[in-house]
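Okay, so here's the structure we're looking at.
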Amino acid sequence: GAVVSQHPSWVICKSGTSVKIECRSLDFQATTMFWYRQFPKQSLMLMATSNEGSKATYEQGVEKDKFLINHASLTLSTLTVTSAHPEDSSFYICSAGGLDSGNTIYFGEGSWLTVV
Amino acid sequence: LAKTTQPISMDSYEGQEVNITCSHNNIATNDYITWYQQFPSQGPRFIIQGYKTKVTNEVASLFIPADRKSSTLSLPRVSLSDTAVYYCLVAQMDTGRRALTFGSGTRLQVQP
């Protein structure tokens with residue numbers, strides 16, 4: 001299957017700082033990318049949907065000014081958690097799909113964020 | 001958006017066949033059905049995808065009835081390493097801007 005890669009796999013940052021997570025589609029062009037967060041033993045919660053070259057569409061309750069999403073190219077989307085707080089600590093997962101991937105959405109490995 | 005419903009958990013023993021059913025009553029004409037497997041601290045991994053009838057690959061089979069309002073993932077002869085959470089996802093990609101929401105998933109526990 002197609003490959004979606006996230007970086008970093010885990011990151012620790014101080015409260016009040018910003019952290020960026022990258023999501024790359026390695027072998028297909030991702031016209032649409034999705035960002036999720038997941039708490040232990042819970043399902044994935046969709047945060048936002050982004051189409052290449054457009055502003056992201058955020059789910060209800062997700063602060064767009066806090067979780068900045070950029071999808072500037074067909075192979076890269078970034079999620080920046082601004083002014084991070086301990087409650088932002090979570091597992092963040094991206095997924096991607098496009099014409100090249102048919103009707104299949106592929107997921108990245110996930111990124112653990114710990115805010116101290 | 002097609003909402004999905006799955007059993008919260010299932011238990012099985014090594015070597016048995018496991019069938020996990022997902023209900024998606026409001027599936028749209030262009031929606032595909034995809035199943036994923038997730039281990040702790042990892043992203044979901046693609047297992048199988050189908051539109052109707054039956055699909056089989058090297059790891060699983062997917063059964064979809066004619067009305068497409070449900071689907072069943074079949075895992076033949078499970079092993080301990082199949083202990084994971086399984087999600088069904090109903091969506092289409094050709095319209096691009098389609099939000100994908102997950103149901104609760106099914107936590108499969110395989111015992112020796």
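Residue numbers start from 1 in every chain, and the chains themselves are labelled A, B, ... in the order their sequence lines are given, proteins ahead of strands. This structure is a prediction, so every number in the text was calculated from the model and none was measured.
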Subject >> Portion of A:Q38 that has a non-hydrogen atom of chain B nearer than 4.5 angstrom >> reply: side chain
Subject >> B:Y36 vs A:F107, ring-ring contact (aromatic ring centres under 6.0 Å, His included): CA-CA, chis, key distance, verdict >> reply: CA-CA 10 Å; B:Y36 296 89; A:F107 286 81; 5.0 Å; yes
Subject >> Residue pair B:T56 / B:S61, side-chain donor-acceptor N/O under 3.5 Å >> reply: yes
Subject >> Atom group of B:R107 that falls short of 4.5 Å from chain A, counting heavy atoms >> reply: side chain
Original post:
Do we see a donor-acceptor contact under 3.5 Å between the side chains of A:S77 and A:H71?
Top reply: no
Subject >> Separation between CG of A:L44 and CD of B:Q38, rounded to the nearest 0.5 Å >> reply: 5.0 Å
**OP:** Sort B:Y51 into side chain, backbone, both or neither according to what part of it lies under 4.5 angstrom from a heavy atom of chain A.
**Re:** neither
**OP:** Side chain from CB out, backbone as N, CA, C, O: work out which of these in A:I93 comes under 4.5 Å of a heavy atom of chain B, or both, or neither.
**Re:** side chain
